Amino acid sequence: MSTSTMKSFHPFHLVDYSPWPLTGALGAFTMVSGLVKWFHYYQMDLFILGNVITLLTMYQWWRDISREGTFQGLHTFNVTLGLRWGMILFIVSEIFFFLSFFWAFFHSSLSPTIEMGSIWPPVSILIFNPFQIPLLNTAILLASGVTVTWAHHALMENNHSQTTQGLFFTVILGIYFSILQGYEYIEASFTIADAVYGSTFFMATGFHGLHVLIGTTFLLICLIRHLNSHFSMNHHFGFEAAAWYWHFVDVVWLFLYVSIYWWGS
């Protein structure tokens, strides 16, 4: 029996040969090498090339996945179930990723060493006021959690216009958050090299900011797919995965705000 005939007798998706994992790896390698060149020689050409390769790979790989799930009918119930478990396990791994940053922060803050003046924050560190930009960013992310939930419920009710509005506002709020965090970094009086406080602060908030950018891109792609009628009220796991990821980003920020910005100050 031929492979093509065998494929039609089971509900699983046998992935076709694809060049995108290879080009994605090459793009990531080029981008990291470009970062090293940028840091040491102040030349960004290799870094820009890596970004271009990665962006082209993302576009074509996501195009193929959208085509498989939307037009070719390859994302059956069993395949979608596997995707759900994959996303759940990915978020669990991300939880432990951020747990390491919180562990480092509390390990240093609960028992500050004599090199830091035996106080927390360390001597000469001028911290942020938690009731200014950090509080505004908290309100922005909480509002974005409301809008993405609004969009999800509208999609389940087959309300196309409200789904579009909810996704649009969520993307705008995500972009607004990133702009404010970038402004906060520019105005910071300390750097990642300023004792363990600077290291843990910028590692934790910086990686969270990266996750916000990824989540915003995720939701933007969902908005574009929705406008192209790729989702239905019963078949929209791509959007559900984006919403799960965004809620995870919201919860992590709440822990960051309470522990690092408020309690840690």
Side-chain angles (χ1 to χ4, degrees), residues 31-32 34-44 47-48 51 94 97-110 112-113 115-148 169-220 245-265:
M31 187 163 51
V32 173
L35 276 173
V36 174
K37 187 178 180 181
W38 182 17
F39 293 162
H40 286 275
Y41 302 106
Y42 306 102
Q43 297 175 3
M44 294 184 63
F47 177 67
I48 293 172
N51 275 282
E94 292 284 278
F97 176 75
F98 278 99
L99 182 63
S100 64
F101 297 136
F102 286 110
W103 188 296
F105 178 80
F106 284 112
H107 174 80
S108 302
S109 61
L110 291 174
T113 62
E115 290 83 5
M116 295 187 292
S118 298
I119 61 171
W120 190 265
V123 176
S124 78
I125 295 290
L126 182 62
I127 51 88
F128 292 103
N129 187 336
F131 300 108
Q132 293 181 349
I133 290 180
L135 183 60
L136 176 59
N137 269 343
T138 303
I140 289 170
L141 276 190
L142 289 175
S144 71
V146 173
T147 55
V148 77
F169 286 125
T170 307
V171 171
I172 293 299
L173 289 169
I175 294 171
Y176 188 28
F177 176 93
S178 298
I179 292 172
L180 286 177
Q181 190 172 40
Y183 175 76
E184 183 183 65
Y185 281 3
I186 292 171
E187 294 295 313
S189 62
F190 57 93
T191 69
I192 196 171
D194 285 321
V196 69
Y197 184 90
S199 299
T200 52
F201 175 87
F202 281 106
M203 285 293 288
T205 60
F207 268 109
H208 177 268
L210 176 63
H211 283 69
V212 170
L213 292 173
I214 293 170
T216 304
T217 306
F218 203 169
L219 290 165
L220 178 61
Y245 188 82
W246 195 251
H247 287 309
F248 159 74
V249 169
D250 285 352
V251 172
V252 169
W253 175 258
L254 290 177
F255 279 98
L256 283 172
Y257 177 74
V258 171
S259 60
I260 294 180
Y261 283 100
W262 184 29
W263 180 85
S265 64

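Just so you know, these numbers come straight off a predicted model, no measurement behind them.
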Novice: With side chains defined as the heavy atoms from C-beta onward, is the minimum distance between Phe102 and Thr200 less than 4.5 Å?
Specialist: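 Answer no - side chains too far apart.
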Novice: Treating Thr170 as the side-chain partner and Val148 as the backbone partner, does any N or O pair qualify as donor plus acceptor under 3.5 Å?
Specialist: yes
Novice: Could you check, using the six-membered ring where one of them is a Trp, whether His208 and Phe101 have ring centers closer than 6.0 angstrom?
Specialist: no
Novice: What do you reckon, is CH2 of Trp262 surrounded by more than 12 foreign heavy atoms closer than 6.0 Å?
Specialist: no
Novice: Could you tell me the separation between the CG atom of Leu210 and the CD atom of Gln181, rounded to the nearest 0.5 Å?
Specialist: 10.0 Å
Novice: Report the distance from atom CG of Asp194 to atom CD1 of Ile125, rounding to the nearest 0.5 Å.
Specialist: 4.5 Å
Novice: If you take all heavy atoms of Pro112 and Ser109, which pair is closest and at what distance?
Specialist: CD-O, 3.4 Å
Novice: Taking side chain as C-beta onward, heavy atoms only, is Phe47 less than 4.5 Å from Lys37?
Specialist: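 The answer is no, as the side chains (C-beta and beyond) never meet within the 4.5 Å cut-off.
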Novice: Do the non-hydrogen side-chain atoms of Leu254 and Leu142 ever get within less than 4.5 Å of each other?
Specialist: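 Heavy-atom side-chain distance check passes, below 4.5 Å.
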Novice: Do other residues, nucleotides or ligands put more than 12 heavy atoms under 6.0 Å from the OH atom of Tyr176?
Specialist: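 No - once you tally the heavy atoms of other residues, nucleotides and ligands closer than 6.0 Å, there are 12 at most.
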Novice: So, do Phe190 and Tyr197 have ring centers that fall under 6.0 Å from each other?
Specialist: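 Between Tyr197 and Phe190, which both carry aromatic rings, the centre distance is below 6.0 Å.
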Novice: Can you tell if the side chain of Ser144 reaches within under 4.5 Å of the side chain of Thr147, non-hydrogen atoms only?
Specialist: yes
Novice: What pair of heavy atoms forms the shortest contact from Gly264 to Pro121, and how long is it?
Specialist: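 Of all heavy-atom pairs spanning Gly264 and Pro121, the closest is O-CG, 3.6 Å.
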Novice: Measure the spacing between OH of Tyr185 and CZ of Phe202 and express it to the nearest 0.5 Å.
Specialist: 6.0 Å
Novice: Does a side-chain heavy-atom distance below 4.5 Å link Gln43 with Trp38?
Specialist: no
Novice: Using ring-ring contact (aromatic ring centres under 6.0 Å, His included) as the criterion, point out the one residue from Trp246, Phe98, Phe218 that pairs with His211.
Specialist: Phe98
Novice: Kindly say whether Leu126 contributes a backbone atom to a donor-acceptor pair with the side chain of Ser189 at under 3.5 angstrom?
Specialist: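 Yes, Ser189 side chain to Leu126 backbone: donor-acceptor pair under 3.5 Å.
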Novice: If you draw a 6.0 Å radius around CZ in Phe97, do more than 12 non-hydrogen atoms from other residues or ligands fall strictly inside?
Specialist: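 Yes, the 6.0 Å shell around CZ holds more than 12 heavy atoms from other groups.
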Novice: Could you tell me whether Ile119 atom CD1 has more than 12 heavy atoms of other residues or ligands within 6.0 Å of it?
Specialist: yes
Novice: Considering non-hydrogen atoms only, spot the tightest contact between Ile192 and Ser199 and give its length.
Specialist: O-OG, 3.1 Å
Novice: Has the side chain of Thr216 got a donor or acceptor atom that lies under 3.5 Å from a matching backbone atom of Val171?
Specialist: no
Novice: Supply the atom-to-atom distance Phe177 CZ to Ile172 CD1, rounded to the nearest 0.5 angstrom.
Specialist: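 With rounding to 0.5 Å, CZ (Phe177) is 15.5 Å from CD1 (Ile172).
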Novice: When the ring centroid of Phe105 is compared with that of Phe201, is the distance short of 6.0 Å?
Specialist: no
Novice: List the atom pairs, donor and acceptor, that lie under 3.5 Å between side-chain atoms in residues 130-141 and the rest of the protein, sequence neighbours left out.
Specialist:
residue	atom	partner	partner atom	Å
Thr138	OG1	Pro134	O	2.8
Thr138	OG1	Trp253	NE1	2.9

Novice: Please round to the nearest 0.5 Å and tell me the distance separating atom CG of Asn51 and atom CG of Leu35.
Specialist: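 If I round to the nearest 0.5 Å, the distance is 8.0 Å.
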Novice: Taking the six-membered ring for Trp, are the ring centroids of Trp120 and Phe106 within less than 6.0 Å of each other?
Specialist: no
Novice: For the atom pair OG (Ser100) and CE (Met203), what is the distance rounded to the nearest 0.5 Å?
Specialist: 7.5 Å
